[in-house]
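If you read the sequence from its start, that first residue is 1, and numbering goes on from there.
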Amino acid sequence: MSKNRSKFDDDIDFFEYFEATIDAKWKIVAITFLAVLVGVSFTLVKANSFKVSTPIHPPGQSVLVKYKSVNDFLKDEGLYFDGILNPLGYKLDSTTIFDAFVVEFNDYDEMIEVLSKNNYVNKAVKDLDMVEKQRALAHFAKQFELTPPSKKVKYWRLQFEWHDDYEGRSLLNDAIQLTLIKVRSNVENDLYALAKAHDLHNSFRLEANREELITMTKSQLNKDKKRVNFLIAQSAIAKELGLAENTDYAKAGGGTASKEPTSRSNISLNFTPGLSQKIFVPYYLRDNVSSDNPYYLRGYKAIDKELQLIKNRSQDELLVNAEGNIDIMDRIIPLENDVTPSQLINTAKYIEDSSSQDWVEYNLEVAESIAQKKPLLYIALSILIGGMLGIIFVLISYTIRKRKGIA
């Protein structure tokens with residue numbers, strides 16, 4: 001019987017608990033009021049912040065039309081970037097500039113530089129050591145973001161959360177301008193580096209061609225020396241034989257002389273009736289002398305004239321006569337007169353003097369701003385939580401009293 005009664009007493013009577021709640025309503029109101037006071041205090045203590053967001057775009061083509069000549073020049077010189085044909089090239093268009101801006105902004109260097117001059121930030125980090133200060137500055141900088149497009153958002157967006165809406169916009173704008181200046185500087189440096197690389201490439205090619213020219217010139221000098229030695233010997237032979245000139249040799253292309261077998265070291269001469277004698281020819285000239293038309297038959301006047309012409313050759317004439325030198329000079333002259341490096345330097349200077357403020361498009365004045373501090377929401381949550389805590393407290397108190405009464 002007692003067991004049944006205990007089981008009956010443990011059953012929950014919701015109406016009984018509802019009456020207990022109504023009877024203790026002022027306790028619930030008091031607890032709710034205390035919760036509201038805590039919520040209001042939190043609202044007053046908590047610093048307000050604003051989340052600001054605005055789209056940012058690459059510049060329009062009309063902005064970069066002034067750099068069209070730069071791209072045209074790069075195309076003409078074979079230096080224009082092409083992902084397949086010329087991956088090491090360069091180009092200056094809206095996509096390239098915006099990509100460079102994104103990379104530069106996301107390193108936070110410019111944002112940190114701007115924040116390091118802000119009074120609010122300086123007060124927050126003034127008691128920190130150097131390492132902690134840099135970490136704190138990086139933390140502040142990361143509150144200013146550049147987010148890429150997504151499935152929900154088509155465009156790149158600038159966004160930040162800061163305690164002061166207008167101060168945050170000013171800080172972000174200053175960082176953007178510093179970033180654009182750095183991007184412009186990087187473009188200048190790229191063009192200077194491209195000019196230097198092109199000039200260095202030309203220098204290597206010039207040096208190689210000039211070395212080849214020197215080698216061929218030396219080879220021609222050696223050939224001329226050999227020719228001079230040959231002509232001196234042939235002239236001596238002609239003078240020994242009294243051959244001043246021989247028109248028959250010129251007309252016949254090598255002579256009317258009768259042919260007589262000769263040895264390697266001696267040549268038989270029967271070009272004049274009644275004249276027959278052996279002439280010694282040095283071994284180094286034997287390949288230049290034919291038994292059919294020995295060179296000395298030209299006569300020493302013609303041979304001496306040729307000697308004089310060879311000895312009186314100028315350096316330019318020597319270069320022209322050297323075999324293959326014309327082709328080398330045709331390669332050297334364009335390299336010496338290549339204006340590409342100077343044009344690239346002039347382009348870099350032109351960009352240096354131009355403004356980069358419109359290299360990206362954004363408008364912080366019309367940016368969407370949402371206050372993160374919401375006092376009404378905090379008070380409503382305080383009332384809800386306070387009421388729930390009050391009810392729970394009353395029910396638990398009633399249950400404890402009830403059990404003690406049964407006991």
Set of residues satisfying side-chain hydrogen bond (donor to acceptor under 3.5 Å, both in side chains) with respect to R135, sequence neighbours excluded: E132

Under the side-chain hydrogen bond (donor to acceptor under 3.5 Å, both in side chains) test, which residues partner E212, sequence neighbours left out? R331

Residue pairs fulfilling salt bridge (Lys or Arg N to Asp or Glu O under 4.0 Å) with at least one residue in residues 102-112, sequence neighbours excluded: E104-K182

side-chain contact (heavy atoms from CB on, under 4.5 Å) against R313, all qualifying residues, sequence neighbours excluded: Q220, D224, I310, E317, N321

Those residues at least two apart in sequence (or on a different chain) that pass side-chain hydrogen bond (donor to acceptor under 3.5 Å, both in side chains) with E145 are Q159

For L384, check side-chain contact (heavy atoms from CB on, under 4.5 Å) against everything at least two apart and list the hits. M388

Holding to side-chain contact (heavy atoms from CB on, under 4.5 Å), I want the full list of residues that pass it with K142, two or more places apart in sequence or in another chain. Y108

Below 3.5 Å, can you tabulate the donor-acceptor pairs from side chains in residues 340-351 to any protein atom, sequence neighbours excluded?
{"unit_1": "T340", "atom_1": "OG1", "unit_2": "E77", "atom_2": "OE1", "d": "2.7"}
{"unit_1": "T340", "atom_1": "OG1", "unit_2": "D338", "atom_2": "OD1", "d": "2.8"}
{"unit_1": "S342", "atom_1": "OG", "unit_2": "V339", "atom_2": "O", "d": "2.7"}
{"unit_1": "N346", "atom_1": "ND2", "unit_2": "S342", "atom_2": "O", "d": "3.2"}
{"unit_1": "T347", "atom_1": "OG1", "unit_2": "Q343", "atom_2": "O", "d": "2.8"}

Please enumerate all residues that pass ring pair (Phe, Tyr, Trp, His ring centres under 6.0 Å) together with Y362, with sequence neighbours excluded. none

Which residues pass the side-chain hydrogen bond (donor to acceptor under 3.5 Å, both in side chains) test with S369, not counting sequence neighbours? D165

Residues which pass side-chain contact (heavy atoms from CB on, under 4.5 Å) with A136, listed by chain and number, not counting sequence neighbours: V125, L128

I'd like a table of donor-acceptor pairs (distance under 3.5 Å, sequence neighbours excluded) in which one partner is a side-chain atom from residues 146-158, with atom names and distances.
{"unit_1": "T147", "atom_1": "OG1", "unit_2": "R157", "atom_2": "O", "d": "3.4"}
{"unit_1": "S150", "atom_1": "OG", "unit_2": "V153", "atom_2": "N", "d": "3.2"}
{"unit_1": "R157", "atom_1": "NE", "unit_2": "S53", "atom_2": "OG", "d": "2.7"}
{"unit_1": "R157", "atom_1": "NH2", "unit_2": "S53", "atom_2": "OG", "d": "2.9"}

